[in-house]
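One structure is given below, encoded as structure tokens.
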Amino acid sequence: MVGKGEAPAPRDPEEEEEEDTGGVVKLISAEGFEFVIDKKAAMVSNTLRNMLTSPGGFSETRQGEVRFPEISTHILEKICQYFYWSLHYSSGQETAEFPIEPEITLDLMMAANYLDT
């Protein structure tokens, strides 16, 4: 607790970095479906990482939600699954293939390219 005239204690930059990945993010598909995922999972995407942590004043940073008018609900759901899959298997100690249905491959690749995933 900070009393009158006392400055707050200095913060450790490592703690701030950890706080940046805390909380949740809302991803909204073209149809308006909302996916609420851990911010840590969203950070798998370099595009989302830049949107959510950039000091440039993105509305996404302030609101904690990102709209994707060009990405359908089915594709965005698969992307969210990939974010969690990537977090789980990023250590390299375990391996598993990420399942992708052949009929969504093209749309998924375009979305992954945009998200820099």
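Computed over heavy atoms, backbone and side chain alike; hydrogens, waters and symmetry mates excluded. Owing to the predicted nature of the structure, the values given are computational and were not obtained by experimental measurement.
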Tell me whether Leu115 is reachable from Tyr84 by hopping between hydrophobic residues (I, L, V, M, F, W, Y) whose side-chain heavy atoms are closer than 4.5 Å. yes
Spell out, as yes or no, whether a donor-acceptor pair under 3.5 Å connects the side chain of Ser90 to the backbone of Leu87. yes
Can you name the nearest heavy-atom pair linking Ala96 to Trp85, along with the distance? O-CZ2, 2.7 Å
Answer with yes or no whether the hydrophobic clustering places Val36 together with Leu48; edges join I, L, V, M, F, W, Y residues whose side-chain heavy atoms lie under 4.5 Å apart. no
Taking side chain as C-beta onward, heavy atoms only, is Leu76 less than 4.5 Å from Phe35? yes
Using a 4.5 Å cut-off on heavy atoms from C-beta on, say whether the side chain of Glu94 contacts that of His88. yes
Non-hydrogen side-chain atoms of Lys78 and Glu101 separated by less than 4.5 Å: yes
Looking at residues at least two apart in the chain, or sitting in another chain, which of them share a side-chain hydrogen bond (donor to acceptor under 3.5 Å, both in side chains) with Ser86? none
Spell out, yes or no, whether Phe68 and Met109 are grouped together once hydrophobic residues are joined by side-chain heavy atoms under 4.5 Å, including indirect joins. no
Met43 vs Thr53 side-chain heavy atoms within contact, under 4.5 Å: yes
Look at the side chain of Thr105 and the backbone N and O of Pro102, then say whether any donor-acceptor pair between them is shorter than 3.5 Å. yes
So if you build clusters from Ile, Leu, Val, Met, Phe, Trp, Tyr with side-chain heavy-atom gaps below 4.5 Å, do Ile37 and Leu52 land together? yes
Just checking Glu70: does its CD atom have more than 12 heavy atoms from other residues, nucleotides or ligands closer to it than 6.0 angstrom? no
Point-to-point distance, once rounded to the nearest 0.5 Å, from NZ of Lys26 to NZ of Lys39: 15.0 Å
Can you check whether Ile71 reaches Ser29 side chain to side chain, under 4.5 Å on heavy atoms? no
Do Ile79 and Tyr114 have side chains that get closer than 4.5 Å, going by heavy atoms? no
Are side-chain heavy atoms of Cys80 and Leu27 found at a separation under 4.5 Å? yes
Shared hydrophobic cluster, Phe98 / Leu106 (ILVMFWY, side-chain heavy atoms < 4.5 Å): no
Sub-4.5 Å side-chain heavy-atom contact between Tyr82 and Val44: yes
